Protein chains: 4
Amino acid sequence: MGRRRSEETRQAILDAALDELTERGYAGLTIEGIAARAGAGKQTIYRWWPSLADVVLDAMLDRAADLVPDPTTGNLAGDLRDFLTATFRQRGPQREILRGLMAQAVLDPVFAEAFRERFIQARRAALRTVLDRGAARGELDPAVDPELLVDVVFGVLWYRLLIGHAPLDDGEGETLAALVLRAAGT
Amino acid sequence: MGRRRSEETRQAILDAALDELTERGYAGLTIEGIAARAGAGKQTIYRWWPSLADVVLDAMLDRAADLVPDPTTGNLAGDLRDFLTATFRQRGPQREILRGLMAQAVLDPVFAEAFRERFIQARRAALRTVLDRGAARGELDPAVDPELLVDVVFGVLWYRLLIGHAPLDDGEGETLAALVLRAAGT
Amino acid sequence: MGRRRSEETRQAILDAALDELTERGYAGLTIEGIAARAGAGKQTIYRWWPSLADVVLDAMLDRAADLVPDPTTGNLAGDLRDFLTATFRQRGPQREILRGLMAQAVLDPVFAEAFRERFIQARRAALRTVLDRGAARGELDPAVDPELLVDVVFGVLWYRLLIGHAPLDDGEGETLAALVLRAAGT
Amino acid sequence: MGRRRSEETRQAILDAALDELTERGYAGLTIEGIAARAGAGKQTIYRWWPSLADVVLDAMLDRAADLVPDPTTGNLAGDLRDFLTATFRQRGPQREILRGLMAQAVLDPVFAEAFRERFIQARRAALRTVLDRGAARGELDPAVDPELLVDVVFGVLWYRLLIGHAPLDDGEGETLAALVLRAAGT
DNA sequence: TCCTAAACGAGACGGTACGTCCTGTCTTTGT
DNA sequence: ACAAAGACAGGACGTACCGTCTCGTTTAGGA
């Protein structure tokens with residue numbers, strides 16, 4: 001029995017989280033700040049999310065912008081290129097959010113699992129699908145472990161995202177796609 | 001003029017930082033905890049390090065264990081394999097430290113710069129040297145940007161270190177070395 | 001709305017303040033010490049009292065022992081004598097508390113106002129009542145400003161309390177009462 | 001034997017103490033602040049004065065302004081009036097200094113003794129001399145303890161100085177002198 | 001239509017750590 | 001030996017958030 005969870009409040013909290021994130025940056029996020037901005041009680045946040053990072057993860061996944069690319073050009077080269085350019089293109093608060101979530105995942109093993117299962121895995125699976133389709137077409141050398149290729153792609157992506165020493169844009173996506181093909185194409 | 005910085009205290013603080021890190025993990029580190037364990041005043045820490053992460057970075061770099069590998073087998077394949085196996089082999093608190101430092105670098109732009117310049121750059125430069133020697137021997141396709149190869153190697157390393165979904169050991173080092181050679185060798 | 005102030009905690013803090021005062025003396029009082037002894041958070045003290053001295057003032061006023069004397073013997077001489085002996089008789093931590101509060105009032109103008117209004121004024125008013133009753137009975141020379149007499153009484157009291165060069169007891173109370181009568185009686 | 005105490009430095013410290021006192025008020029005084037302003041080392045202050053209050057006491061006593069009045073009009077009424085008006089007239093930082101010193105004396109028993117002996121006693125003795133001269137002339141009722149009269153005078157002075165509820169000026173000095181005469185004159 | 005139970009905003013609570021300030025001591029280098 | 005400079009251990013400050021805990025209030029079913 002009893003009152004049901006308020007969808008309105010849930011949205012207000014996710015919105016507030018993204019707003020705070022934009023204004024103060026990830027390191028400036030606090031439960032109190034989000035609750036105050038959302039006009040919600042802190043308890044309401046603690047009731048529904050295990051940690052701050054989970055709120056942010058929910059907020060991000062709730063936003064349409066965060067679709068996983070699923071290119072189907074008909075050949076591995078095209079699919080890889082499209083996947084990588086689409087992935088490298090993300091902008092705005094998105095990058096700051098991803099950086100923050102990864103930092104939290106590193107510091108908090110409980111959140112790490114949620115992050116892996118709800119975010120990382122989906123991306124890996126999408127790329128894996130692209131590679132498997134290529135393999136089925138004989139475009140991939142069977143001697144190369146596709147999981148390693150997935151690591152290479154997301155490794156470069158995250159490394160640059162976290163360190164910030166090199167750009168992440170369409171051109172870089174294409175360059176990396178070309179390298180992966182050189183390494184694993186037939 | 002005035003009293004000089006106490007090297008004894010400096011060491012006590014770095015030691016205490018590593019001890020606390022081992023006992024409580026990176027997320028459990030506090031300035032107060034380190035100061036108390038070192039028998040030092042907090043002010044002394046604030047006087048010499050801009051942030052907690054800088055203390056940890058100093059502590060890590062001060063320990064001999066973190067030598068950057070510099071293999072010289074005479075050919076690119078051997079050098080790459082040795083570099084990667086040596087790099088992938090690091091153990092003990094080292095990994096936890098690196099994960100924590102990267103998380104801090106993500107959350108704190110000021111520390112990020114120190115981390116990049118004092119840690120990341122040294123590793124990149126070492127690998128770059130290996131690649132450049134290979135290129136000089138004609139073992140590397142000039143069409144491939146060596147910086148991208150560096151990103152691939154450290155990208156995979158960090159990605160696995162942070163996500164923890166796949167092992168980091170000698171075998172993996174060799175496998176990645178082989179992939180890099182396939183991608184960029186002549 | 002929200003949770004109400006905890007009366008239990010309030011009492012624990014006032015008790016802790018008096019205990020600390022007895023153990024360490026006024027100069028040894030700290031917010032941290034009181035909070036720790038009361039099992040309270042520091043914030044709780046800061047939330048309800050503007051300064052340490054206000055806590056002590058509250059603690060003192062909360063204790064029944066500090067009743068203001070209001071003698072009614074029927075004549076000025078008796079009332080004055082009773083008022084002064086009762087006032088000069090206070091003992092135990094009371095004196096240490098008063099000395100400390102006066103010191104704080106001197107150093108902190110904000111607290112000074114609270115001290116004047118909540119403590120000093122009540123005492124002055126009580127004595128003034130005694131004098132006014134005497135004046136109504138024609139026992140006081142109208143040429144003498146009763147406020148000055150109040151200053152004389154409390155001046156001597158505080159001067160001895162602060163300097164500690166002379167005793168404060170029943171005999172001294174009677175002696176001062178006699179002097180005031182000589183100065184202002186008819 | 002070794003370098004002698006620098007009188008120049010001593011003066012610089014006393015000057016700095018008074019300057020800081022004027023700028024920040026008594027509660028804002030610190031050893032560090034005085035040392036910095038004097039261009040002196042903290043150690044130098046610790047070497048020569050047992051506490052901050054002793055520095056201030058020295059500074060005040062070093063200044064000519066702080067002469068003890070010694071009136072000689074030839075009769076008790078005139079002497080008392082002159083003594084009290086001169087005493088009540090003190091102005092400027094003097095009052096703030098006195099208030100601060102009394103607060104310190106209350107909080108620090110060690111300084112209290114120095115304060116009593118070096119400041120309070122001199123004032124009491126001066127007034128006592130005035131009274132004793134009056135007594136010798138037969139102008140004082142032998143039944144009244146002159147020490148109590150001293151307490152009355154300085155009690156009213158300090159009480160008003162500390163509480164600040166009533167003025168301290170020539171008129172008040174005369175009024176109090178008149179009261180004392182009424183109480184103890186023949 | 002009431003009853004009851006959960007969710008809600010609000011905000012006090014016990015805690016922990018923060019980064020700052022000052023204390024009193026010590027070391028170092030002049031003078 | 002005294003002095004300026006300033007690092008040191010220590011301790012309290014006042015603040016910010018944490019996660020938990022009452023408080024009324026609001027919003028549902030189920031009786």
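Just so it is clear, the structure is predicted and the values come from calculations on it, not from any experiment.
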_Pick the closest DNA chain F nucleotide for B:Ile13 and for C:Leu29 by heavy atoms, then say which residue is nearer the 5' end._
B:Ile13
*When you match D:Arg47 and C:Leu52 each to their closest nucleotide on DNA chain F, which lands nearer the 5' end?*
D:Arg47
[X] has a side chain; which of [options] sits nearest to it?
X: A:Tyr46; options: F:dC13, F:dA7, F:dC18; value: F:dC18
X: B:Ile31; options: F:dC13, E:dC18, F:dA7; value: E:dC18
X: B:Arg3; options: F:dT27, E:dT25, E:dA12; value: E:dT25
X: B:Glu32; options: F:dA3, E:dC18, E:dC22; value: E:dC18
X: D:Thr44; options: E:dC8, F:dC18, F:dA4; value: F:dA4
X: D:Trp48; options: E:dG24, E:dC18, F:dA3; value: F:dA3

*Indicate whether the side chain of B:Asp19 and that of B:Thr22 have a donor and an acceptor atom separated by less than 3.5 Å.*
no
*So which of C:Val56, C:Ile34, C:Val55 actually passes side chain to side chain contact (heavy atoms under 4.5 Å, CB included) with C:Leu14?*
C:Val55
*Checking only heavy atoms, does the side chain of D:Lys42 share a donor-acceptor pair with the base of F:dG6 at less than 3.5 Å?*
no
*Is the phosphate of F:dG6, meaning OP1 or OP2, less than 4.0 Å from a side-chain N or O of B:Arg4?*
no
*Does A:Thr9 make a side-chain N or O approach to OP1 or OP2 of E:dG9 shorter than 4.0 Å?*
yes
*Taking C:Arg99 for its side chain and C:Leu161 for its backbone only, find out whether a donor-acceptor pair lies under 3.5 Å.*
yes
_Please check this pair: side chain of A:Glu96 against backbone of A:Gly25, looking for a donor-acceptor N/O pair closer than 3.5 Å._
no
_Bend angle of the helix from E:dT1-F:dA31 to E:dT31-F:dA1, end axes from five pairs each (to 10°)_ = 10°
*Within 45° cone of A:Trp48 ring axis and under 6.0 Å: A:Arg5 NZ or CZ*: yes
*Residue closer to the 5' end of DNA chain E, C:Gln43 versus A:Gly2 (nearest nucleotide)*: A:Gly2
*Where do C:Met102 and D:Ile163 land on the side-chain contact (heavy atoms from CB on, under 4.5 Å) test, with the steps shown first?*
CA-CA 8 Å; C:Met102 180 60 93; D:Ile163 304 283; 3.4 Å; yes
*With sugar-phosphate meaning primed atoms plus P, OP1 and OP2, does D:Arg5 contact a base, only sugar-phosphate, or nothing at under 4.0 Å between heavy atoms?*
sugar-phosphate
*Sugar-phosphate, base or nothing in reach of D:Gly39, heavy atoms under 4.0 Å*: sugar-phosphate
